Each structure stands twice: as C-alpha cells, then as structure tokens.
2 protein chains.
Amino acid sequence: MPRAGLDPAAVVTAGAALADEVGFANLTMGLLAERVGVRTPSLYKHVGSQEDLNRRIAVRALGEAADAVGGAVQGHAGRDALAAAARAFRAFVLAHPGRYAATIGVEPSGPDDPLATAGQRLLGAFMAVLRGYEIPASDVDHALRMLRSLCHGFATLQADNGFQWSADIDESFEWLITFADRGLRAM
Amino acid sequence: MPRAGLDPAAVVTAGAALADEVGFANLTMGLLAERVGVRTPSLYKHVGSQEDLNRRIAVRALGEAADAVGGAVQGHAGRDALAAAARAFRAFVLAHPGRYAATIGVEPSGPDDPLATAGQRLLGAFMAVLRGYEIPASDVDHALRMLRSLCHGFATLQADNGFQWSADIDESFEWLITFADRGLRAM
DNA sequence: AGCTTTTAGCTAACAACGTTAGCCATGTGG
DNA sequence: CCACATGGCTAACGTTGTTAGCTAAAAGCT
C-alpha cells in the first residue's frame, strides 16, 4: 500500500474545499476520505473527530477571511477602506460558503483557542477600517459590532438565498456600504 | 397501548420547543419521540422526514417572529417603531434560538411554499417600520435588506456567542438602533 | 547496511441515527 | 355491530461516525 502523504493541514485543506463544493451540511468523513484517496478511518490519524475537523476548517476560514479583509484595507482609509473591507468579506463568503458556514455556531474554548485568535485577527482587520473615522473611544466597540453584524448578516443571508425578491443584490450591498459610511462619518 | 393523540401540529410544537432546549443541531428524531412519549418510527405518521420536520419548524418560527415583530410595531412610528421591532426580533431569537436556527439555510421551493409566505410576513413587519421614515421608493428595498441583515447578523452572532470581548451587548444593540435610525432619517 | 521504532494506512466491527416495512390495536362511521 | 382507516408498535436496513487491532512503509540509530 503506497502512502498518501497526508498530514492534518492537507486534510483540513481538502475538507474546506469539499465543504465549499458540496455545502458544509453535506461534508462527511467518508466523502472527504474518498476525496483524499484514503479509507475513512485513516482520517482519524490526522484529526481527532469530525467536530475537530470542523473547528480546524473554521480556524482556516477565519484566518483566510482576516487575510482577505486585511489585505484589501491596506493603503486605503475612510470610505475607501470600508468599501474594500466589506467587498472583500462578502466576496470571501460567497466564494467559500462551506468553510465560512463552519465558523457559525462554533465557540472558542478559551482565549488561547486558535479559533479565538483567528477571530481576533478578523476583528482587527475591521478595526483598522474604523480607525479611518473619528469615533469616540466609547463607541468603537459598538461600531465594530455593528459592522460585523452588517457584513455577517448580509453575506450569510445571501449565501443561503435569503433574499428572495427582485432588487439587485450587488446594488443593495453598495447602498449598504454608503449607509454605513455616512453613519460613521456623522459621529 | 393507549394512543398519544398526536398530530402534525403537536409534533412540530414539541420539536420547536426541544430545539430551543438542546440546540437545533442536537435535535434528533429519537429525542423528539421520547419527548412526546412515542417510539421513533411513529413520528413518521405525522411528518414525512426529518427535513420535513425542520421545514415545518422553520415555518413556525418565521410566523412567530412575524407576529412578535408585527405586534411590537403596532401603534408606534419612526424611531419608536424601529426600536420596538428590533428589540422584539432579537428577543425572539434569543428566547428561541433552536427554532430560529431551523430557518437558516432552508430555501423555499416556490412562491406558494408556506416557508416563503411566512418569510414575507416577517419582511412585511419590517416594511411597516420603514413606512415611518421618508425613504425614496428606489431605496426601500435596499433599506429593508439593510435592516434584515443588521438584525439577523446581530441576533445570530449573539446566539452563537460570536461576541467575545467585554463591552455590554444590550448597550451595543441600543447603539445599533440609534445608528440605524439616524441613517434612515438622513435620507 | 541492518535493526528498531514510530506511524500511516488498512479491515473489521460497533453504536447511533434516519428510515421503511409490516403488524396490530384503537377508534370512528355506517 | 361491523368495516375500515389510522396511529401506534417491533423488526430490520443503510448510512455515518468512531474505535480496535493489524501491517507495511518510512524514519532514526548504531
């Protein structure tokens, strides 16, 4: 039997890709094993359980989202930064719906959990956007939560086909960016 | 063997309650059967499958949310209506996280799907809020999506413990209402 | 090189869950 | 009082997650 040369990182990579293809709810250990060319039980040499796999996919997704948003913000400020961040975030969720779905409903076990630090990095990217506005220190946390709720809500609703009726969705998103920008500048 | 006197509605009611208690992901046919005092296969006399049950729970949840939001808006306008709607929605999601979770990721099969009509009723309740503001007709759809994204995003993030750090969450939500109100009035 | 040790794959097997088939008792309508 | 539809049951199957135990490939040591 030739070895497949797997390691935890490769399994997580394949799992995240598969989740994007078939949907997070349909990600199964057997399907993933087939994808990486191995029998199902062999996966347990690299991840502890399906829940462990899910958490690792979530960490990967949050890290990638943080990179995407952080990179998009670079070199911009104010409205440009906000628009770049929001667009990058939504683009990431729509391009990788499966791995992003892995991040919802999973709670970090403590401050040292890689999940927590990855989440902090994503928040940091959005925080950089807020630094381009003049926001009282006491309002920064609230503004950050508002931004996260808006982006998360919009992107997940769209990813789940939650917007049924007719108006153009891209246009709505641009409108939403303008709305947030105006509100943040009026503080 | 005495009869349990079940019907589809009773099964859905028990399923929704159970989902709230144990979490939607942990809702299982066996657990629900035990709860209603019946063996697992008997449930299939009332619902077609677990997916069918999930859809019915989702319809129930959307209907209840629409009632809660619609009722809260009654007799208010402008900022009062917005605040009442947002608070009612968030309270519903936090009080019934399991059944609300059943609504995410489920797509209506067509315009006559009860799921679609229940969703429309919820949207109608939020639409009533917007009528208290002077919004150009071309912006109403965008504003509605913004409101839904904001409420959905905030409520689900909180329900999943997505807000990790310290600032008070109720305070953030009130801040968010004020933010949305100011933005909508500035149109 | 040769030997030992670790490890990544395998097969076999089990538990939990969703689901179907088929039986029987309960209740309802003529 | 009897037919019959129906809501419960037990038995059984397929799928999925998981563990145990074996074996061969790689890696390390002398």
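These numbers come from the heavy atoms of this one structure, side chains and all, not from hydrogens, waters or symmetry mates. Just so it is clear, the model here is predicted, and its values are computed rather than measured.
Checking D:dG8, C:dC10, C:dT19 against every side-chain atom of B:V38, the shortest atom distance belongs to D:dG8. Closest contact between the side chain of A:Y44 and the listed nucleotides C:dA12, C:dG9, D:dG17 involves D:dG17. You'll find that the side chain of A:H46 is closest to C:dA8, out of D:dC9, C:dC10, C:dA8.
For the pair A:R39 CZ and D:dG17 P, the interatomic distance rounds to 16 Å; values are reported in whole Å. In this structure, B:M29 places its CE atom 16 Å from C1' of D:dG14, rounding to the nearest Å. Taking atom CD of A:Q50 as the reference point, atom C1' of C:dC17 lies 13 Å away to the nearest angstrom. Atom CG of B:L31 and atom C1' of C:dG18 are 14 Å apart (whole Å). For the pair B:L43 CG and C:dA21 P, the computed distance is 17 Å after rounding to whole Å. Between the NZ atom of B:K45 and the C1' atom of C:dG22 there is a distance of 9 Å, given to the nearest Å. Going from atom CG of B:L53 over to atom P of C:dG18 covers 10 Å, rounded to whole Å. The CG atom of A:N54 sits 12 Å away from the C1' atom of D:dG17 (whole-angstrom rounding).
Ring-centre distance between A:F24 and A:Y100: not below the 6.0 Å cut-off.
A:L184 and B:F154 fall within a single hydrophobic cluster, where Ile, Leu, Val, Met, Phe, Trp and Tyr are joined by side-chain heavy atoms under 4.5 Å apart, directly or via other members. A single hydrophobic cluster is not seen to contain both B:L94 and B:F163; linkage of ILVMFWY side chains at heavy-atom distances under 4.5 Å, directly or through other members, places them apart.
Contact annotation: B:T28 side-chain N/O to C:dG18 OP1/OP2 distance is under 4.0 Å. Residue B:S42 places no side-chain N or O under 4.0 Å from the OP1 or OP2 atom of D:dG7.
The closest donor-acceptor contact from the side chain of A:E21 to the backbone of A:G98 lies at 3.5 Å or more, if one exists at all.
Each of B:S49 and A:G37 lies near DNA chain C, and the nucleotide nearest A:G37 is the one positioned closer to the 5' end.
The aromatic rings of A:W175 and A:F179 sit parallel to each other, their planes meeting at less than 30°, with 60° as the upper class boundary.
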